[in-house]
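A short worksheet on the structure shown next.
Each chain gets a letter, A, B and so on, in the order its sequence line appears, and its residues count up from 1.
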There are 2 protein chains.
Amino acid sequence: MSDLLERLRGRGWRLTAQRRVVAEVLDGDHVHYTADEVHALAAERLPEISRATVYNTLGELVSLGEVIEVSTDGRAKRYDPNAHRAHQHLVCGRCGTIRDVHPSGDPLADLPAQERFGFSISTVEVTYRGLCPDCAA
Amino acid sequence: MSDLLERLRGRGWRLTAQRRVVAEVLDGDHVHYTADEVHALAAERLPEISRATVYNTLGELVSLGEVIEVSTDGRAKRYDPNAHRAHQHLVCGRCGTIRDVHPSGDPLADLPAQERFGFSISTVEVTYRGLCPDCAA
DNA sequence: TCTTGACTTAGACAATGTCCAATGTAGGAT
DNA sequence: ATCCTACATTGGACATTGTCTAAGTCAAGA
C-alpha cells in the first residue's frame, strides 16, 4: 500500500488523512466495496470523514487508473483496487458479491474486424453471472 | 411486433393500451433506450401513462425474457429488445451509444472450472468499450 | 352486461450520486 | 519554524433513478 501512496504522491497528490484512509480501506481486501461501504469503513478510523470526500477520492483513484469502477447492475458501483492485473468478474445475482477471476484467453480476439463497425476498442469487460455457493443453497 | 404481443397474450398477459405502447416503443428501433426515454416516447402516444407503469412493464418484459436489461455504466439501465439472438455490446465511452455485435465463440468456455469458485453460472456478458467513429474523429 | 382481479396512477419515499459555498490544511516559500 | 495559499474537506441541498402503496380503473371471461 505504501507503494500506492508513493505513486500518488509522485503524481502531485496532496496526502491527507482522508485520502490515506480511503486508500487503505480499498487495499485491504479482494472484496469490491460500494462507495457507501468504503465510507462506512473509512469512518471507523476517521469518524468525521464526509461522503463527498469519499466520492471525490474514489473518482480520483479511478481517473488515475489505480482503481476500476465496476457497475454490475443497477445498484451502487463497486470499486476494484486490483487494476494492475487483467481479470474478469464473477457476480452473484442474489447477494451482489463480486469475485475476481482470471481469463484463459483474450476476449478481444473473439470480435472479428467486420463486427467492430469502425470503433476503436480500448477495453473489454467480461462478467459471468450466476449464484454464489451460499445463495445457491 | 404483433408476434410479441401474441406471445405475451399467450402467456396470460392482460393486453392494455399502456403495455401495447411500451412494447411498440421498444420494438421500433435498434437503439437501446433508458426507462425514462421509453416513458417519454410512450407518453407521446399515450400522454397519461405513468412512470410506474413503464417500470412495471419493462420489468415484466425482462422477466419474461423478451427484453434484456443492460447496465453500461452507473447511469440508467437500458433495455435491449433484441433478446432472441445471442449478442454482445459495443459501447462508446464518449456519447454512450450502444451497438449490438455478434460473438464468434462461446465466452463461457474461456473460464476454467477451477476459476468458478463454486458459482453456478447462468449468463456471460461481454462489453467492448471504446470510441465510435464519430467520437474518435 | 356484469364482475372481478389484475392493471394503472400519482406521488411519497428510498438509494445513490453530484454540487456548492464555507472552512480547514499540506506542503512549499520565506 | 511560521506563514501562505492553492488545494482539499465538509455538510447539506439537490438531482437522478428506481420502488412502493392505496385507491381508482378496466380487460376479458361468465
Distance, rounded to the nearest Å, where A:I49 contributes CD1 and D:dG11 contributes P: 10 Å

Pairing residues for B:L15 by the side chain to side chain contact (heavy atoms under 4.5 Å, CB included) criterion, not counting sequence neighbours: B:L5, B:R9, B:R20

Interatomic distance, A:L46 CG vs D:dG11 P [rounded to whole Å]: 11 Å

Contacts of A:R14 that satisfy salt bridge (Lys or Arg N to Asp or Glu O under 4.0 Å) - sequence neighbours left out: none

Base versus backbone protein contacts along nucleotides 25-30 of chain C [heavy-atom cut-off under 4.0 Å; B, S, -]: BBS---

Counting only pairs under 3.5 Å, give me each side-chain donor-acceptor contact of residues 34-44 of chain B, with atom names and distances, residues two or more places apart or in other chains.
{"from": "B:T34", "atom 1": "OG1", "to": "B:E37", "atom 2": "N", "distance (Å)": "3.1"}
{"from": "B:E37", "atom 1": "OE1", "to": "B:T34", "atom 2": "N", "distance (Å)": "2.9"}
{"from": "B:H39", "atom 1": "NE2", "to": "B:I49", "atom 2": "O", "distance (Å)": "3.0"}

Heavy-atom check, side chain of A:H89 versus side chain of A:V101, under 4.5 Å: no

Under-3.5 Å donor-acceptor pair between A:R51 side chain and D:dT9 base: no

Check: B:I121 and A:R129 side chains under 4.5 Å, non-hydrogen atoms: no

Separation of D:dT17 C1' from B:R78 CZ (nearest whole Å): 13 Å

Residues touching DNA chain D, which here means a heavy atom under 4.0 Å, drawn from residues 52-62 of chain B: B:A52, B:Y55

Closest listed nucleotide, where the reference is the side chain of A:R19 and the choices are D:dT9, C:dG17, D:dT17: D:dT9

Atom-pair distance (NE2 on A:H39; P on C:dA15), nearest Å: 16 Å

Separation of D:dT16 C1' from B:K77 NZ (nearest whole Å): 14 Å

Whole angstrom value for the distance that separates P of D:dT19 from CG of B:D36: 13 Å

Side-chain donor or acceptor of A:R11 paired with backbone N/O of A:L64 under 3.5 Å: yes

Atom-pair distance (CZ on B:R20; P on D:dA27), nearest Å: 9 Å

Atom-to-atom span, CD of A:E37 to C1' of C:dA15 - whole angstrom: 13 Å

Could you pull out every donor-acceptor pair under 3.5 Å between side chains of residues 54-63 of chain A and any protein atom, sequence neighbours left out?
{"from": "A:N56", "atom 1": "ND2", "to": "A:A52", "atom 2": "O", "distance (Å)": "3.3"}
{"from": "A:T57", "atom 1": "OG1", "to": "A:T53", "atom 2": "O", "distance (Å)": "2.8"}
{"from": "A:E60", "atom 1": "OE1", "to": "A:R19", "atom 2": "NH2", "distance (Å)": "3.2"}
{"from": "A:E60", "atom 1": "OE2", "to": "A:R19", "atom 2": "NH2", "distance (Å)": "3.4"}
{"from": "A:S63", "atom 1": "OG", "to": "A:G59", "atom 2": "O", "distance (Å)": "3.1"}
{"from": "A:S63", "atom 1": "OG", "to": "A:E60", "atom 2": "O", "distance (Å)": "3.3"}

Any A:Q88 side-chain heavy atom under 4.5 Å of B:E115 side chain: no

Phosphate OP1/OP2 of C:dG24 contacted by A:Q18 side-chain N/O (<4.0 Å): no

Contact check, side chains of A:S120 and B:L131, non-hydrogen atoms, under 4.5 Å: yes

